[in-house]
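Written below as structure tokens is the structure these notes are about.
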Amino acid sequence: MNAPIITRAHGRVNLIGEHTDYNGGWVLPTTIPQFTQVTLTPNQSQTVRIQSSSDPKKKEERSFSYTLGQEKKAGSWIDYLQGITAILTLEKIPLSGFDLRIESTVPEGSGLSSSAALEMSFLKALKLAFDLKFTEAELARLGQRTENEFVGARVGIMDQMACALASSGEALFLDTKTLKFQRIPLPLEHMDLLVINSGISHRNVGGGYNERRAQCEEACRLLDIPELRSLNAQELSRLDSLPDVLKRRARHVVTENDRVFNTVKAIQSEDITTMGRLFVESHQSMRDDYEVSLPEIDQLVELCLKQEGVFGARLTGGGFGGSIVAITKKGKSLQVAAEVLPEYARLTGQKATVLV
Ligand code: GLA
């Protein structure tokens, strides 16, 4: 009766469509091989006992326990779990205690959704253990609410939807307003995806991420539109009335949505050159208009673009650190990484790692 339940969720890499999700826009993530696995065993109490081997360096955080209904913010990854049980309790969903073992290969702070992978693997286990009647999209919403209401990161829905629904070899073309999606097979017989972690840790809580979101909301208020999704790339002149910073933030979002549609078309016609060009434009827009890149990340992207056989490269995820994603000729990615990594270390003093 108390047999352990084992569930998994993979991390994600967003191919394009950055900072569009909390603006009601479109995104295009796919999964990475790295995943989080949880083993949940009911323990006939009201206590949750967690053991994690996700980050062996942070020994003090490796085990943690709390009583259901008495979740308190700890300021660490434990909050993603506490937030979920707190919200389910708030929703009057009956839970009882359990032991939880977590193993994860998704590096924290890499911008590849280690938190959403943890949330979604945990929610899938809770769904099985307590016979919860939630769809994947509803689980994703619970993960997002946890971040918004308990953790304090005003993230959109992309990461949770990707970790719940994306699969390898295809991109999830997701409308973040309606949550309708289409699976777009990637032309991986003609190209490689290369994902490199810059070694600079990224976080969504506080700081720049929430500020960017507030700026988008302010732009909408001034433009008298419900959300930036309502504007298309032919209406950019409407942004001229905005103060400079808000204009650039909004321009990023509007043009990025357009790049998502164009990338989908390019993928479908196997036009890898155009995909690469759109990656480069997306990076420039994140760097100059949205200002979520860092000099080290720009350096990493530039070094990739200098290599033969690279079609495009860009910062992926929330920014201020994290990873880049590049498209290379088929079979070329490891050679590119072997050229780029030592040069990056020499120029920036940072140690990057290849993840995909
Ligand atoms: C983080 C958030 C997502 C999304 C991206 C940027 O990963 O969790 O909701 O906003 O940043 O595209």
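Heavy atoms only: backbone and side chains are in, while hydrogens, waters and symmetry mates are out. Start at 1 and go down the list; that is how both ligands and their atoms are numbered.
A distance limit of 4.0 angstrom between heavy atoms and ligand 1 selects the residues Arg12, Glu18, His19, Asp21, Tyr22, Val155, Gly156, Met158, Asp159, Asn204, Tyr209, Gly317, Gly318.
To the nearest 0.5 Å, the span separating OG1 on Thr146 from CD on Gln144 amounts to 9.5 Å.
Between Tyr209 and His19, the two ring planes are tilted [angle within 30° to 60°].
Around the CD atom of Gln335, the shell of radius 6.0 Å holds no more than 12 heavy atoms that belong to other residues, nucleotides or ligands.
By the 4.0 Å N-to-carboxylate-O rule, Arg145 lies close enough to Glu91 to be salt-bridged with it. The residues Asp192 and Lys332 are annotated as not salt-bridged, no charged nitrogen and carboxylate oxygen being separated by less than 4.0 angstrom.
In this structure, the side chain of Asn210 does not engage the main chain of Ala153 through any donor-acceptor pair within 3.5 Å.
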